[in-house]
Amino acid sequence: MVRTHSCNDLGKGNVGEEVVLMGWVLRRRDHGGVIFIDLRDRWGLTQIVFNPEVDAEAHAKAHQLRSEWVLAVRGRVAARPGDMANPKLATGEIEVMVNELRILNSSETPPFPLDEDIEISDNLRLQYRYLDLRRPEMTANMVMRHRAVQAIRTYLNDHGFLDIETPMLTRSTPEGARDYLVPSRVNAGKFYALPQSPQLFKQLLMIAGMDRYYQIVKCFRDEDLRADRQPEFTQIDMELSFVDEEQVISVTEGMVCALFRETLGLELTPPFGRMTYDEAMGRYGTDRPDTRFAMEIVDLTAIAATCGFKVFREVADGGGTVRAINAKGCGSFSRKDLDDLTSFAVQLGAKGLAWVKMKADGEWQSPIAKFFTDEERTAIAGELDAVDGDLFFFGADKPAAVCQVLSELRLELARRLGLLKKDVFNFTWVTDFPLVEYDDKEKRYQALHHPFTAPREEDVDRLESDPGSVYSRAYDLVLNGTEIGGGSIRIHQRQMQARVLQVLGIGEDEARDKFGFLLRALELGAPPHGGLAFGLDRLMMIITGSDSIRSVIAFPKTQKATCPLTDAPAPVARKQLTELYLRPDWKE
RNA sequence: GGGGUCGUAGUUCAGUUGGUUAGAAUGCCGGCCUGUCACGCCGGAUGUCGCCGGUUCGAGCCCGGUCGGCCCCGCCA
């Protein structure tokens, strides 16, 4: 038997045709006489009917069919009689009257139902991922991901990009995330690292004159997992020669538009909004602002500096900052709501969470109301644009701490108020990042983006004297509060790269040792270049409206970075270790 | 490394103040059923209450530890 149609193909126009379908038994409805089976494949569902008057042999055989058995059926397409059409199915107007049944495989009872919309534990789903992926929602996610990748490839191919592969076995470089290491059998005691990203190779491809490169490529970072983070993940990696920020942004916007057109059928309207890093931190307390809702952060340090509330005044006097957000209309929050939000803030490192319920006539209901004069209250309410029924929260600490608490609080409030709409897609470019930031623990400057990001030309003079004041030519694309892509114009001159590495505490000798190949390449005619990388998994998570990156990855890892299906990672034979010159010093 | 939360039938869950024989739905098995589409009706079987230890006359329930899933902080240039 040769399959003629998928389980989503047939409609009224096919009535009378003899067809062959293949697929899995989703449900059976055995009436003793007539038997109905919902046959499922990747594309959809078709009802197939076994009627003893049509074919007694097929009908007799069909009694034994069970969930997930694999079938081939030949039959005639029939319009469903009377008002029996099922409007919930694409193929609901027809059914296939089977005259030949072949059982291609039987199946044990599946460990979890595939036809119900119930939550199954992740462990079980991942252990039987091949069953989980048969569920239509999961299949749809895989299809959507495929379409996204195709749209991206088509767009980039049409814009002069070359898809070039880069090594998976490469060398470990300092900075950045923890590497996954691969021991070398041929070179005793030496290790490859799996790439955290193809960053240096794509720069070398620009130096090689490839001009425009892209790759949809796995990257590896050995760090702890989150709902939106896996140790192996996929980047849409791209790099362009002879461009500045505007050209990278413009090409990228075109790609994102093509992507949303081909996946969700949405027409986005470039250019996307832009915001500097400083503005994002000031208004939203984070470099990845969710602009689907307002509730912006307001700086009240000036008022706090002279107020009667000792906690605020001391923070303001000590170089800290006092800021607040106004949760519009949340004056009805209960004591428990406020307690929950306070412990939420404390978990993030806040010492407490001052709140004020705004009443009629400018009255404050608040534990700290007594510390403020009428004038101060009026001034604060004015800054917060507060009216009767509003609720505001204060953060008083060092700027970074206040930003973290208020930005997370802002998101938590939005969650509670249902402001995080999944069918709204707000893009924002965040630009003008600082080049470096000082790490108090390590007592040195660290690159905010990565060490190959070009400093802004007008700031270069201060590179050595005041590194913290230098801005970079980096840009991030933020979608609904998630950083989905980031990149920069790179350093393409040997001297400048050495200077930046120096600022990062990497001297000439160490630089030559670790990045010598790049520095050498920069001496041999490196063109100006820049690019960016997208997190494909996170992008798909947003496009599909998923709560976890695992929903858009066929075979993801658990939070402990294991795979319940293959049971990886697993021990290996001692011989394998000795071949690799590895000597375990743990007890077996 | 730390915090939170969950773990009971194949699955999703309930299980009172610690009390005698641990339930429901669904699934599964058997029977009946020729127009269902989450088919229906009748009957039946199904438990290492994650694991180890402790308290107690008695533990699914209380305590300690441990393993695992998920969420978060740290970490993720």
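In this text the structure is predicted, and so the values were computed from the model without any measurement. A, B, ... follow the sequence lines: proteins, then strands. Residue 1 opens every chain.
- One N or O donor and one acceptor, one from the side chain of Asn86(A) and one from the base of C37(B), sit under 3.5 Å apart.
- Close to G27(B), at under 4.0 Å from its OP1 or OP2, lies no side-chain N or O of Arg66(A).
- For Ile37(A) and A38(B), the CD1 to P distance is 15 Å, given to the nearest whole Å.
- Contact annotation: side chain of Arg229(A) to base of C76(B), donor-acceptor pair present below 3.5 Å.
- Contact between the side-chain N/O atoms of Thr562(A) and the OP1/OP2 oxygens of G69(B) is found at a separation under 4.0 Å.
- Of the candidate nucleotides G74(B), G69(B), G35(B), G35(B) has the atom lying nearest to any side-chain atom of Met84(A).
- Checking C73(B), C29(B), U34(B) against the side-chain heavy atoms of Arg28(A) singles out C29(B) as nearest.
- Rounded to an integer number of Å, the gap from CZ of Phe50(A) to C1' of U34(B) is 15 Å.
- Comment: Arg76(A) does not engage Glu17(A) in a salt bridge, judged by the lack of any side-chain N to carboxylate O separation of less than 4.0 angstrom.
- Heavy atoms of Leu126(A) sit nowhere under 4.0 angstrom from any nucleic acid atom.
- Look at CZ on Arg538(A): it is 13 Å from P on C76(B), rounded to the nearest Å.
- Whole-Å rounding puts the Arg40(A) CZ to C37(B) C1' distance at 16 Å.
- Taking only side-chain atoms of Ile118(A), from C-beta outward, the nucleotide of G35(B), U11(B), C75(B) with the closest atom is U11(B).
- Whole-Å rounding puts the Asn51(A) CG to U36(B) P distance at 14 Å.
- Taking a centre distance below 5.5 Å and an interplanar angle below 30 degrees as the stacking criterion, Phe36(A) stacks against the six-membered base ring of U36(B).
- Using the six-membered ring where Trp is involved, Tyr445(A) and Tyr438(A) have ring planes that are perpendicular, over 60° apart on the 30 and 60° scheme.
- Taking atom CD of residue Gln64(A) and atom P of nucleotide G30(B), one finds them 11 Å apart after rounding to whole Å.
- Here His31(A) does not pack flat against the base of U36(B), since the 5.5 angstrom centre distance and 30 degree tilt limits are not both met.
- A salt bridge does not link Arg221(A) to Glu232(A): none of the charged side-chain nitrogens sits closer than 4.0 Å to a carboxylate oxygen.
- The CZ atom of Arg135(A) sits 13 Å away from the C1' atom of U12(B) (whole-angstrom rounding).
- The pair Asp38(A)-Arg29(A) meets the salt-bridge criterion, since a charged nitrogen lies less than 4.0 angstrom from a carboxylate oxygen.
- Proximity note for Glu53(A) (side chain, C-beta onward) versus C75(B), G35(B), U34(B): the nearest is U34(B).
- Checking A38(B), U11(B), G35(B) against the side-chain heavy atoms of Lys88(A) singles out A38(B) as nearest.
- Heavy atoms of Gln559(A) sit under 4.0 angstrom from at least one base atom.
- Take the nearest nucleotide of RNA chain B for Pro564(A) and for Ser67(A): the residue whose nucleotide is more 5' is Ser67(A).
- Using N1 to N3 plus N6-O4 or O6-N4 for Watson-Crick, or N1-O2 and O6-N3 for G-U wobble, each under 3.5 Å, A24(B) pairs with U12(B).
- Straight-line distance from the CG atom of Asp340(A) to the P atom of G3(B): 20 Å, rounded to whole Å.
- Across all strands shown, nothing is found opposite U34(B) as a Watson-Crick or G-U wobble partner with both distances under 3.5 Å.
- Pairing partner, G43(B): C29(B), with both Watson-Crick or wobble hydrogen-bond distances short of 3.5 Å.
- Pro111(A) comes within contact range of the sugar-phosphate backbone alone, with a heavy-atom separation under 4.0 Å but no base atom that close.
- Side-chain N/O atoms of Arg29(A) include one lying less than 4.0 angstrom from OP1 or OP2 on C39(B).
- Nearer to the 5' terminus of RNA chain B, by closest-nucleotide assignment, is the contact made by His63(A) (compared with the other of Lys560(A) and His63(A)).
- Nucleotides U48(B) and A59(B) have their C1' atoms positioned 16 Å apart, rounded to a whole Å.
- Salt-bridge check for Arg288(A) with Asp476(A): failed, with every basic side-chain N at 4.0 Å or more from each acidic carboxylate O.
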*Could you please spell out the steps behind the ring pair (Phe, Tyr, Trp, His ring centres under 6.0 Å) verdict for Phe36(A) and His31(A)?*
CA-CA 8 Å; Phe36(A) 300 96; His31(A) 288 235; 5.5 Å; yes
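- The side chain of Arg80(A) lies closest to U36(B), out of U36(B), C73(B), C71(B).
- In this structure, Asp115(A) reaches neither bases nor backbone, as no heavy-atom distance under 4.0 Å exists between it and the strands shown.
- One finds a salt bridge joining Asp337(A) and Arg416(A) here, because a Lys/Arg side-chain nitrogen approaches an Asp/Glu carboxylate oxygen to under 4.0 Å.
- Figure legend. G68(B) is base-paired to C6(B); pairs are counted as Watson-Crick or G-U wobble with both atom distances under 3.5 Å.
- When distances are taken from the side chain of Ala177(A) to each of G35(B), U11(B), C76(B), the shortest belongs to C76(B).
- At a threshold of 4.0 angstrom between heavy atoms, the contacts of Leu124(A) are confined to the sugar-phosphate backbone, with no base atom among them.
- In the set G35(B), U12(B), C70(B), C70(B) carries the atom at the smallest distance from any side-chain atom of Thr558(A).
- Between Arg550(A) and C71(B), a side-chain N or O to OP1/OP2 separation shorter than 4.0 Å is present.
- The residues Arg178(A) and Asp222(A) are annotated as not salt-bridged, no charged nitrogen and carboxylate oxygen being separated by less than 4.0 angstrom.
- For G74(B), the OP1/OP2 oxygens have a side-chain nitrogen or oxygen of Gln404(A) closer than 4.0 Å.
- Heavy atoms of Arg27(A) sit under 4.0 angstrom from primed sugar atoms or phosphate atoms, though from no base atom.
- Between C75(B), G35(B), G27(B), one nucleotide has an atom nearer to the side chain of Thr109(A) than all others, and that is G27(B).
- Here Gln47(A) lies in heavy-atom contact (under 4.0 Å) with a base.
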